[in-house]
S.K.: 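Quick one: structure below, then a few questions.
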There are 2 protein chains.
Amino acid sequence: MAIEEVPRRRADAVTETAATGRALTHPDRADIRLESVLHALSDPMRLQIVRELAAKEAELTCSQFDLPVTKSTTTHHFRVLRESGVVRQVYRGTAKMNGLRRDDLDSLFPGLLDSLLAAADRQAARLGDTGRTPVGG
Amino acid sequence: MAIEEVPRRRADAVTETAATGRALTHPDRADIRLESVLHALSDPMRLQIVRELAAKEAELTCSQFDLPVTKSTTTHHFRVLRESGVVRQVYRGTAKMNGLRRDDLDSLFPGLLDSLLAAADRQAARLGDTGRTPVGG
DNA sequence: GCTCTCGTACGATACTCATCGTACTACGAG
DNA sequence: CTCGTAGTACGATGAGTATCGTACGAGAGC
């Protein structure tokens, strides 16, 4: 992976920790790779997260998602989404806000995100899965 | 996986083997899952295969692809594409013809395949990758 | 200060998967 | 029947990853 770990010192420095939060590593727009995005979205858990994010059109904290996994696993999935360039994460107090990177994604791959979301909605409706408006959205 | 292996008898029966070939297991249209499709397409090798298939608009044999892997691996990738519902494979003599399942994909997820292909083309053009017409094909 | 909550980091584990090599089957041509 | 070509099957292997538990860090409220 080309993503370098931020050397975060512990119990030692609050360097990055401003009022709005610590720094999180995001790939630059030009570094977002289609394969990584598809891989991120090929996990049912992560696809669900992205669908909810798109449905709400707003930033959500990690804990607002009702995922059937532990906190550790949730962190893992959000990290994958962030490192693949699908979501942007910002600290806000103790909470971490998650937002879709629509601008970047639409700029790189016009129409892709909407097609993906529509496909996910369609499939959910077809399989009786909930998570968003059933049809005609 | 819900895909059952065909119990293929060896050196015994030519049952399925008609002039046009042996039977290959394909998922029914209703069984194609978005996550599986995305997973299949998240591999650079397989994405490349699909792009060539789409570009040629025709059925191609496995050996017509110039992939930097062995025959075994090639077989593996085509199997993943077939079992995820992305391609349809038909035997024709010793050759195996591969074709995109556009009808099924477009029916299940309208516009998705085109967006995906366009996104792949865009990225290839951006990164200087070859494999298809650079722009304005 | 203490404590509660939100989220991270690390290690472990089990599973998936991309890759290979070798042995094999299936078909077509001589 | 023999040979060559296209592709499969199986086993191995090394890398990736989804999951967990536990210990920890950062901010908010007392």
S.K.: Of all the nucleotides listed (C:dG21, C:dT19, D:dT8), which has the minimum atom distance to the side chain of B:S72?
M.R.: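 Closest nucleotide to the B:S72 side chain: C:dG21.
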S.K.: Which whole-number value in Å describes the distance from B:D43 CG to C:dT16 C1'?
M.R.: 13 Å
S.K.: Reckon A:T75 has a side-chain N or O less than 4.0 Å from the OP1 or OP2 of C:dG7?
M.R.: no
S.K.: Rounded to the Å, how far apart are A:H76 NE2 and C:dA12 P?
M.R.: 18 Å
S.K.: Just to confirm, is there a sub-4.0 Å distance from OP1 or OP2 of C:dT16 to any side-chain nitrogen or oxygen of B:H39?
M.R.: no
S.K.: Does a nitrogen or oxygen in the side chain of A:R46 sit under 4.0 Å from OP1 or OP2 of D:dA18?
M.R.: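 For D:dA18, OP1 or OP2 has a side-chain N or O of A:R46 closer than 4.0 Å.
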S.K.: Return the value, rounded to whole Å, for the distance between atom CD of A:Q89 and atom C1' of C:dG7.
M.R.: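 A:Q89 atom CD is separated from C:dG7 atom C1' by 10 Å.
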S.K.: Just the rounded figure in Å: distance from P of C:dC17 to CE of B:M45.
M.R.: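 Whole-Å distance recorded here is 16 Å.
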S.K.: Taking the side chain of A:H77 as its heavy atoms from C-beta onward, which of D:dA18, D:dA9, D:dA6 lies nearest to it?
M.R.: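 Nucleotide nearest to A:H77's side chain: D:dA18.
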S.K.: Are any side-chain N or O atoms of A:R46 and backbone N or O atoms of A:A40, one a donor and one an acceptor, separated by less than 3.5 Å?
M.R.: yes
S.K.: Choosing from D:dA18, D:dT8, C:dA18, which nucleotide comes nearest the side chain of B:K96?
M.R.: D:dT8
S.K.: Whole angstrom is fine here: how far is it from CG in A:L41 over to P in D:dT17?
M.R.: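 Whole-Å distance recorded here is 15 Å.
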S.K.: Using only modelled atom types and a 3.5 angstrom limit, is any donor from either the side chain of B:T94 or the base of D:dG7 paired with an acceptor on the other?
M.R.: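 No such pair is found, so the answer is no.
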S.K.: Nearest whole Å is fine: how far is D:dG16 P from A:E83 CD?
M.R.: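 It works out to 13 Å between those atoms.
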S.K.: Strictly below 4.0 Å, heavy-atom distances to any atom of DNA chain D: list the hits from residues 61-71 of chain A, or just say none.
M.R.: A:V69, A:T70
S.K.: Using atom types as modelled and distance alone, determine if a side-chain donor or acceptor of B:R102 lies under 3.5 Å from a backbone N or O of B:A54.
M.R.: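 No, because the side chain of B:R102 does not come within donor-acceptor range (under 3.5 Å) of the backbone of B:A54.
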S.K.: Check whether any side-chain heavy atom of A:R101 lies under 4.5 Å from a side-chain heavy atom of A:S107, and answer yes or no.
M.R.: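 No, every pair of side-chain atoms sits at 4.5 Å or beyond.
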S.K.: Report yes if the side chains of A:P110 and B:R122 come closer than 4.5 Å at any heavy-atom pair, otherwise no.
M.R.: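 In contact.
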S.K.: How long is the line joining CD of B:E35 and P of D:dA18, in whole Å?
M.R.: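 The distance from CD of B:E35 to P of D:dA18 comes to 13 Å, rounded to the nearest Å.
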S.K.: So does A:T73 get a side-chain nitrogen or oxygen closer than 4.0 Å to the phosphate oxygens (OP1/OP2) of D:dC20?
M.R.: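 Yes, A:T73 has a side-chain N/O under 4.0 Å of OP1/OP2 on D:dC20.
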S.K.: Looking at A:R79, I'd like to know whether one of its side-chain N or O atoms comes within less than 4.0 Å of OP1 or OP2 on D:dT17.
M.R.: no
S.K.: Salt bridge (charged side-chain N to carboxylate O under 4.0 Å, His left out) for B:D104 and B:R88? Distances and angles first, verdict last.
M.R.: CA-CA 10 Å; B:D104 292 320; B:R88 188 179 308 278; 2.9 Å; yes
S.K.: Kindly give the heavy-atom pair with the smallest separation between B:S115 and A:S115, and that separation in Å.
M.R.: OG-OG, 2.8 Å
S.K.: Of the options A:E83, A:R82, A:Q89, which is the one that meets A:T25 in a side chain to side chain donor-acceptor pair (under 3.5 Å)?
M.R.: A:R82
